[in-house]
Amino acid sequence: MDAIGGEPEARARLEAEAKLPAGLPVRDLDPRGPAERALGFSLRALVRGIASEWGAIDGVRAVWQLPR
């Protein structure tokens with residue numbers, strides 16, 4: 001849609017070039033299936049959890065430190 005403008009421009013182009021009726025409803029579709037969405041959600045939650053643990057707690061670095 002960005003290459004040809006917004007929704008009104010896309011509708012006008014489809015009506016002119018593809019001969020689609022002007023009153024067709026527009027539906028937004030998610031190209032991913034439910035399993036893929038669930039996996040993505042789970043992985044994002046896992047990464048956020050790990051990042052927050054490492055950012056807030058310095059436990060591993062407090063136990064293991066390089067000798068000076």
Side-chain angles (χ1 to χ4, degrees):
M1 295 258 286
D2 291 338
I4 59 173
E7 186 176 320
E9 291 83 5
R11 284 180 161 276
R13 179 174 169 252
L14 289 171
E15 290 167 15
E17 293 181 14
K19 307 291 187 239
L20 293 175
L24 285 179
V26 175
R27 292 189 298 167
D28 291 328
L29 299 177
D30 189 355
R32 301 175 301 161
E36 189 177 354
R37 285 193 305 267
L39 179 63
F41 176 78
S42 300
L43 288 177
R44 280 191 301 276
L46 178 66
V47 168
R48 285 183 190 140
I50 291 171
S52 68
E53 283 292 319
W54 278 98
I57 299 174
D58 194 20
V60 173
R61 285 184 263 161
V63 173
W64 180 80
Q65 294 180 359
L66 291 173
R68 294 180 187 217

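- One distance of note links CZ of Arg44 with CG of Leu39; it measures 9.5 Å at 0.5 Å rounding.
- Electrostatic pairing of Arg13 and Glu9 does not count as a salt bridge here, judged by no charged N lying under 4.0 Å from a carboxylate O.
- Arg32 places no side-chain N or O within 3.5 Å of a backbone atom of Ala38 that could act as its donor or acceptor partner.
- For Val26 against Arg11, the heavy-atom pair with the smallest separation is CG2-NH2, 2.6 Å.
- Partners of Arg27 under the side chain to side chain contact (heavy atoms under 4.5 Å, CB included) rule, at least two apart in sequence or in another chain, do not exist in this structure.
- Connection of Leu24 to Leu14 is established within a shared hydrophobic cluster, with ILVMFWY side chains joined at heavy-atom distances below 4.5 Å, either directly or through further cluster members.
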